[in-house]
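From a predicted model like this one, the values you see are computed outputs, not experimental measurements. Every heavy atom of this structure was used, including side-chain atoms; hydrogens, water molecules and symmetry mates were not.
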Amino acid sequence: MSTYYFLPTRNVFGDGAVNESGALMKSLNANKVLLVTDKFLNSSGMASRVQEIFQQAGLEVHIFDGAEPNPTDKNVVSGVAAYKANGCDSIVSLGGGSSHDCAKGIGVVISNGGQIKDYEGLDLTHAPMVPMMAINTTAGTASEITRFCIITDTARKVKMAIIDWRITPQIAVNDPELMVGMPPSLTAATGMDALTHAVEAYVSTAANPLTDSAALKAITMITQYLPKAVANGEYMFARDKMAYAQYLAGIAFNNASLGYVHAMAHQLGGYYNLPHGVCNAILLPYVEAFNLIGNMNRFRDIAVAMGENVAGLSTDEAAQKAIRSMQRLGQLVGIPASLKDLGVKPEDFKIMAENAKLDACQLTNPRKATLEQVIEIYQKAYDGKNAI
């Protein structure tokens, strides 16, 4: 069976990297850019700062700040209208996963026509996406480098997974200076999202040596530097390391895919509009406790990557340490203890579990799950007790 490896053509890192974005965008033969962001980044002045960088490079820029948390099909429709009304020929996304995913959705519809729901699934586009650059302001989703686009279908209350190699941005920019303003709660949520990416990719049935190396390094770096970044957002060394860590986690899951943590978290986001990273963080230890028998050796490796001492332990005992370490890290950085704390209702577990079993991310989970087992995982995460 063939193995594919997906990544943007060019990736730029480091303090001040954003200052090169205008010249880089010009190299894609762009002239009129739709800058896709959210209202906070627009009102904070960051969007205008980036706009000025592009204007200095000779580009015309129209700001569209309609990317909402958990971006919707309606956001995509509005963005497509803005792109056409301003005669744009390219897209730049500024923000975290919401801005990047919204921008990808806009680009898909511009290039391929129809509605965004037409492309739910794997590789359903037929035309190359318009030139796109993604400028990252968070350290978690890695959407700036992936072929994944998650858009909420407001009619069905379902997060659609659009997975397509054509929607990978051509250029990704990770400048830790842009991440300094993230509050501790967002730093924690996005960092735990990155940890989930790395863990799910490492235990995925589609994992390979390339993704393994990226996933394990990401797990180690997140364990070491996420608490520091949460404690002091101005600690640039930790911000820089987290920018690299989330990128490595993105490399891993972009090529090995994910599992039931994401499949289940997508339903929580679709039903309740909850923060994706928080949902992942709460679900992670419970899903992986369920997954343990699928590949205990891999969970032993994760325990080591998280700094656990497994000397003299059986594979089973070492693997369980990984689960406890995941849960402890979430607690350390202030993640809510349970789904109950987020206002989730048990009566919705069945429909969410049914939708999770249809989500593309569950296909590479290391253990097959019945509907009843998925409901049981939701219940355990709702109760918030120790996963092991």
Practice prompt. Report the C-alpha separation of Thr190 and Met182 in whole Å, then their side-chain angles, then the decisive distance to 0.1 Å, and conclude whether the side-chain contact (heavy atoms from CB on, under 4.5 Å) test is met.
Written response: CA-CA 10 Å; Thr190 54; Met182 278 195 296; 4.1 Å; yes
Discussion item. Check whether Thr220 reaches the backbone of Leu216 with its side chain - one donor and one acceptor, N or O, closer than 3.5 Å.
Written reply: yes
Item to complete: Verify, without hydrogens or angle tests, whether Asn254 (side chain) and Phe6 (backbone) share a donor-acceptor contact under 3.5 angstrom.
Response: yes
Fill in: Presence of salt bridge, Arg156 and Glu120, under 4.0 angstrom
yes
Item to complete: Using only heavy-atom distances, determine whether the side chains of Gln115 and Asp118 contain a donor-acceptor pair under 3.5 Å.
Response: no
Worksheet item: Atom CG in Leu274, atom CG in Asn70: separation rounded to 0.5 Å?
Response: 8.0 Å
Worksheet item: How many angstroms lie between CE in Met264 and CD1 in Ile375, if you round to the nearest 0.5 Å?
Response: 9.5 Å
Worksheet entry | Distance (rounded to the nearest 0.5 Å) between Cys149 SG and Lys159 NZ | 11.0 Å
Response to the item:
Residues Ala353 and Leu371: closest non-hydrogen pair is CB-CD1, 3.5 Å
Item to complete: Calculate, to the nearest 0.5 Å, the distance between atoms CD1 and OG belonging to Ile167 and Ser111 respectively.
Response: 11.0 Å
Practice prompt. Tell me yes or no: between the side chains of His276 and His266, is some donor less than 3.5 Å from an acceptor?
Written response: no
Worksheet item: Using a distance-only test with no angle check, is there a side-chain donor-acceptor pair under 3.5 angstrom linking Thr141 and Asp193?
Response: no
Fill in: Asn280 versus His197, side-chain donor and acceptor atoms under 3.5 Å
no
Discussion item. Between Ser257 (side chain only) and Cys361 (backbone N and O only), is there a donor and an acceptor less than 3.5 Å apart?
Written reply: no
Discussion item. Would you compute the distance between atom NZ of Lys357 and atom NZ of Lys368 and round it to the nearest 0.5 angstrom?
Written reply: 8.5 Å
Worksheet item: Ignoring hydrogens and geometry, is there a side-chain-to-backbone donor-acceptor pair from Gln373 to Thr370 under 3.5 Å?
Response: yes
Item to complete: May I ask you to test the Phe54-Val92 pair for a side-chain heavy-atom distance under 4.5 Å?
Response: yes
Discussion item. Can a side-chain donor-acceptor contact be found between Lys26 and Ser90 if the only test is distance below 3.5 angstrom?
Written reply: no
Worksheet item: Between Val304 and Met306, is there a shared hydrophobic cluster once you connect ILVMFWY residues whose side-chain heavy atoms come closer than 4.5 Å?
Response: no
Worksheet item: Are Asp73 and Thr154 linked by a side-chain donor-acceptor pair shorter than 3.5 Å?
Response: yes
Discussion item. Less than 4.5 Å apart, side chain to side chain, heavy atoms only: is that true for Asp383 and Lys340?
Written reply: no
Worksheet item: Is a salt bridge present between Asp123 and Arg147, judged by a nitrogen-to-oxygen distance below 4.0 Å?
Response: no
Discussion item. Can you confirm whether Ile116 sits close enough to Met160 that some side-chain heavy atom of one is under 4.5 Å from a side-chain heavy atom of the other?
Written reply: yes
Discussion item. Under a plain distance cut-off of 3.5 Å, with no hydrogens placed, do Asp348 and Tyr272 share a side-chain donor-acceptor pair?
Written reply: yes
Discussion item. What I want to check is whether the side chains of Tyr286 and Gln327 have a donor and an acceptor closer together than 3.5 Å.
Written reply: yes
Item to complete: Please check if the side chain of Asp89 supplies one atom and the backbone of Ala30 the other of a donor-acceptor pair under 3.5 Å.
Response: no
Worksheet item: Any luck finding a side-chain donor-acceptor pair between Tyr119 and Asn112 under 3.5 Å?
Response: no
Practice prompt. Verify side-chain contact (heavy atoms from CB on, under 4.5 Å) between Ile150 and His262, making sure each step is shown before the conclusion.
Written response: CA-CA 11 Å; Ile150 308 299; His262 274 76; over 6 Å; no
Worksheet item: Would Ile162 and Phe253 show up in the same hydrophobic cluster when neighbours are defined by side-chain heavy atoms closer than 4.5 Å?
Response: no
Fill in: Check: His100 side chain, Gly95 main-chain N or O, donor-acceptor pair, under 3.5 Å
yes
Worksheet item: Donor-acceptor pair, Thr72 side chain versus Glu68 backbone, under 3.5 Å?
Response: no
Item to complete: Answer yes or no: is there a donor N or O on one side and an acceptor on the other, between the side chain of Arg166 and the main chain of Thr125, under 3.5 Å?
Response: yes
Fill in: Test log, rule side-chain contact (heavy atoms from CB on, under 4.5 Å), inputs Glu144 and Tyr247
CA-CA 9 Å; Glu144 80 279 6; Tyr247 182 92; 4.1 Å; yes
Item to complete: Verify whether one side chain among Glu60 and Asn86 offers a donor that lies under 3.5 Å from an acceptor in the other.
Response: no
Item to complete: Enter the distance from Thr137:OG1 to Leu41:CG here, rounded to the nearest 0.5 Å.
Response: 5.0 Å
Worksheet item: Hey, are Asp65 and Lys39 close enough for a salt bridge, meaning a charged N less than 4.0 Å from a carboxylate O?
Response: yes
Worksheet item: Do Ser325 side-chain atoms and Lys321 backbone N/O form a donor-acceptor pair below 3.5 Å?
Response: no
Discussion item. Please tell me whether Val12 and Leu248 are part of a single hydrophobic cluster in this structure, the criterion being side-chain heavy atoms less than 4.5 Å apart.
Written reply: no
Worksheet item: Linking I/L/V/M/F/W/Y whenever any side-chain heavy atoms sit under 4.5 Å apart, do Leu124 and Ile106 land together?
Response: yes
Discussion item. Pair Phe349, Tyr382 - check side-chain contact (heavy atoms from CB on, under 4.5 Å), show working.
Written reply: CA-CA 10 Å; Phe349 289 168; Tyr382 177 84; 3.7 Å; yes
Discussion item. Could you check whether Ser143 and Lys104, counting side-chain N and O atoms only, form a donor-acceptor pair closer than 3.5 Å?
Written reply: yes
Worksheet entry | Distance-only polar pair, side chains of Glu317 and Ser314, donor-acceptor under 3.5 Å | yes
Worksheet item: Would a distance-only check, ignoring hydrogens and angles, find a side-chain to backbone donor-acceptor pair under 3.5 Å from Thr211 to Ala207?
Response: no
Worksheet entry | Presence of salt bridge, Arg328 and Glu308, under 4.0 angstrom | yes
Fill in: Sidechain N-carboxylate O distance under 4.0 Å for Glu376, Lys380
yes
Fill in: Nearest heavy atoms of Ala67 and Ser98, plus distance in Å
CB-O, 4.1 Å
Item to complete: Taking atom types as modelled, find out whether Asn208 and Asn255 have a side-chain donor-acceptor pair closer than 3.5 angstrom.
Response: no
Worksheet item: Out of curiosity, does Met326 fall in the hydrophobic cluster containing Ile219 (side-chain heavy atoms, cut-off under 4.5 Å, transitive links)?
Response: yes
Item to complete: Flag the pair Phe64 / Tyr83 as yes when their ring centroid distance falls below 6.0 Å, and as no otherwise.
Response: no
Discussion item. With heavy-atom distances below 4.5 Å as the criterion, would you say the side chains of Phe13 and Val173 are in contact?
Written reply: no
Worksheet, complete the sentence: Tightest non-hydrogen contact, residues Ile282 and Pro336, listed as CG1-O, 3.4 Å
